[in-house]
Structures are given as C-alpha cells and as structure tokens.
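Structure first, commentary second.
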Amino acid sequence: ASVAIFLSGGGSNMRALVEDMQGDHPARPCVVLSNVADAGGIAWARERGIATEVVDHRPFGDDRAAFEAALSAALAPHAPDLICLAGFMRKLTGGFTDTWAGRMINIHPSLLPKYRGLHTHARALENGDARHGCSVHEVTAALDDGPILGQASLAVHPDDTPESLAARVLVQEHRLYPAVLRRFVAGDRTPLLLTA
Ligand code: GRF
C-alpha cells in the first residue's frame, strides 16, 4: 500500500511512520505533503529521497474546496492508497473526507472523545485528569470524531505542565501511530490500546 503523509510542522509523527515502514512492512510512504513550505518534515523527507509536495493554503483564502482540489491534484501523481494526517493543521471539509472515507487516519493528542480540537494538554491538566494520552482515528467531516483505531494512555504527574505532558504524549504517539498503521493496512480495525 502507498501512504501519503500530511504535516504542517516538524513531522516527528511522519518520521516515526516512515522509519517503521523502512523494514518488513506492507506499506511504503509515497509522498509527504505540507501546507507549509518550510515545514521541517518536508526538508527531512526530501533528504531521504521521499517525494514531497507543498500546497500553501493561504492563496485560497477561505475557499476550502479550492484548496482541497489543489491537494488532490498534488496527490494524483503519487497515487496514494491511504492518507495519514500527522500534525496537519488544516481542517478538511466533508468533500475531501468523504472521498477518502475509510482510507484516511489522524493522530490526535488526547484520549478521544475527550478534548477534540486544540490545547488538549492544558485542558486535561485544568480538569485534573489522572490519565491522558493520544488517539488514532479514522477521519470524518466532524473534527477529531471518527472511529477510534487506537489509543495510548499515561499517568498525569502532579507537577506536569502542558509542555511536559505534551512531550510524554508525543513519545506515545510515536509508538501508537506506526502500530495502528500496520494493522490498518492489514485491514484490522480492532482498536489497539496501549498503556505507558
Ligand atoms: C502532535 O502533538 C500531534 O499529536 C499533533 O501535532 C503535533 C505535532 O506533531 N497532531 P509532529 O511532531 O509534527 O508529528
């Protein structure tokens, strides 16, 4: 299977996925795409000979459909079977998520359905949650809301800050996402639950 990976930033999740696909794995990365030209993940992928595409969302203003048409055009030559969103910070409309229904997954830094959206670590701390973590889910038109394919959970420490918690969650993201992708490519949709 050919996997497209979308990112907007450093791409640590993309790197974890690419490195896991180097070995005995049913999938290969076919393209790394970003909406940000100087995203660290784009340079990293280029250095490793992985095809990259940049589709800057800004020229499209609030015309999400036009941006998504440009995404589809950029993807076409790479013929991905699946899309992994990995720190991709643009909302996708139902037009795009319907096209990729069942073939697009995302990692989100919370134990969904808790804390959809942003600032998840601060919100977990504000709520005094004892446990926190990350989730991989199928992408649907509703934000951070599709069927859950896997979760990794960890204990919140009394002295945690949003930054310290985010750092520990990110380590679990790099465990969870590659493990879920392997199962997803194999057609296994049973949720994978990891504990740190
Ligand atoms: C991570 O917190 C991830 O959960 C979220 O984007 C953040 C940055 O990810 N989706 P990465 O280092 O760019 O993969």
Supply the atom-to-atom distance [X] [atom1] to [Y] [atom2], rounded to the nearest 0.5 angstrom.
{"X": "Met21", "Y": "Asp24", "atom1": "CE", "atom2": "CG", "answer": "13.5 Å"}
{"X": "Cys134", "Y": "His174", "atom1": "SG", "atom2": "NE2", "answer": "9.0 Å"}
{"X": "Leu71", "Y": "His57", "atom1": "CG", "atom2": "NE2", "answer": "11.0 Å"}
{"X": "Ile107", "Y": "Met14", "atom1": "CD1", "atom2": "CE", "answer": "14.0 Å"}
{"X": "Ser153", "Y": "Arg131", "atom1": "OG", "atom2": "CZ", "answer": "3.5 Å"}
{"X": "Cys84", "Y": "Asn13", "atom1": "SG", "atom2": "CG", "answer": "10.0 Å"}

If you compare all heavy atoms of [X] against all heavy atoms of [Y], which two are closest, and at what distance to 0.1 Å?
{"X": "Ala45", "Y": "Thr52", "answer": "CB-CG2, 3.7 Å"}
{"X": "Thr195", "Y": "Arg175", "answer": "O-NH1, 3.7 Å"}
{"X": "Ala1", "Y": "Val185", "answer": "CB-CG1, 4.0 Å"}
{"X": "Gly117", "Y": "Leu143", "answer": "CA-CD2, 4.0 Å"}
{"X": "Cys30", "Y": "Ala4", "answer": "SG-N, 3.9 Å"}
{"X": "Pro29", "Y": "Ile50", "answer": "CG-CD1, 4.3 Å"}

Treating [X] as the side-chain partner and [Y] as the backbone partner, does any N or O pair qualify as donor plus acceptor under 3.5 Å?
{"X": "Arg123", "Y": "Arg116", "value": "yes"}
{"X": "Ser34", "Y": "Ile42", "value": "no"}
{"X": "Ser164", "Y": "Asp160", "value": "no"}

State plainly whether one hydrophobic cluster holds both [X] and [Y], where clusters connect Ile, Leu, Val, Met, Phe, Trp and Tyr through side-chain heavy atoms under 4.5 angstrom apart.
{"X": "Leu170", "Y": "Met89", "answer": "no"}
{"X": "Val136", "Y": "Leu85", "answer": "no"}
{"X": "Leu7", "Y": "Val18", "answer": "yes"}
{"X": "Val3", "Y": "Ile105", "answer": "yes"}
{"X": "Val180", "Y": "Val139", "answer": "no"}

Can you find a side-chain donor-acceptor pair between [X] and [Y] that sits under 3.5 Å?
{"X": "His78", "Y": "Glu53", "result": "yes"}
{"X": "Asn35", "Y": "Ser8", "result": "yes"}
{"X": "Tyr177", "Y": "Asn106", "result": "no"}
{"X": "Asn127", "Y": "Tyr115", "result": "yes"}
{"X": "Arg183", "Y": "Thr190", "result": "yes"}
{"X": "Arg64", "Y": "Thr93", "result": "no"}

How are the rings of Phe6 and Phe88 set to each other: parallel, tilted or perpendicular (split at 30° and 60°)?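 Because their plane-to-plane angle is over 60°, the rings of Phe6 and Phe88 count as perpendicular.
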Given side chains that start at C-beta, do those of [X] and [Y] come closer than 4.5 Å, heavy atoms only?
{"X": "Leu192", "Y": "Leu149", "answer": "no"}
{"X": "Glu68", "Y": "Leu92", "answer": "yes"}
{"X": "Thr120", "Y": "Leu118", "answer": "no"}
{"X": "Leu82", "Y": "Leu181", "answer": "yes"}
{"X": "Asp144", "Y": "Leu112", "answer": "yes"}
{"X": "Ile83", "Y": "Leu75", "answer": "yes"}
{"X": "Ile148", "Y": "Gln151", "answer": "yes"}
{"X": "Leu33", "Y": "Ile5", "answer": "no"}

Stepwise, does the side chain to side chain contact (heavy atoms under 4.5 Å, CB included) test hold for Phe96 with Ser72? CA-CA 9 Å; Phe96 195 84; Ser72 300; 3.6 Å; yes
Salt-bridge contact Arg189-Glu138 (side-chain N to carboxylate O under 4.0 Å):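 Looking at Arg189 and Glu138, the cut-off is met.
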May I ask you to decide whether Arg103 forms a salt bridge with Asp81, counting only side-chain N to carboxylate O separations under 4.0 Å?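 Here Arg103 does not pair with Asp81 in a salt bridge, since their nearest N and O are not under 4.0 Å apart.
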If you draw the axis of the six-membered ring of Trp44, does the NZ or CZ of Arg46 fall within 45° of it and under 6.0 Å from the ring centre?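 Relative to the ring axis of Trp44, which defines the angle, Arg46 lies outside at least one limit.
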Run the side chain to side chain contact (heavy atoms under 4.5 Å, CB included) test on Phe60 and Val55 for me, step by step, so that the C-alpha distance in whole Å, both residues' side-chain angles and the decisive distance to 0.1 Å come before the verdict. CA-CA 10 Å; Phe60 300 97; Val55 182; 4.3 Å; yes
Tell me whether the count of non-hydrogen atoms from other residues, nucleotides or ligands lying under 6.0 Å of CG in Asp159 goes above 12.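 Above 12, so yes.
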His132 pairs by side-chain hydrogen bond (donor to acceptor under 3.5 Å, both in side chains) with which of Arg168, Lys114, His121?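 By the side-chain hydrogen bond (donor to acceptor under 3.5 Å, both in side chains) criterion, His132 pairs with just one of Arg168, Lys114, His121: His121.
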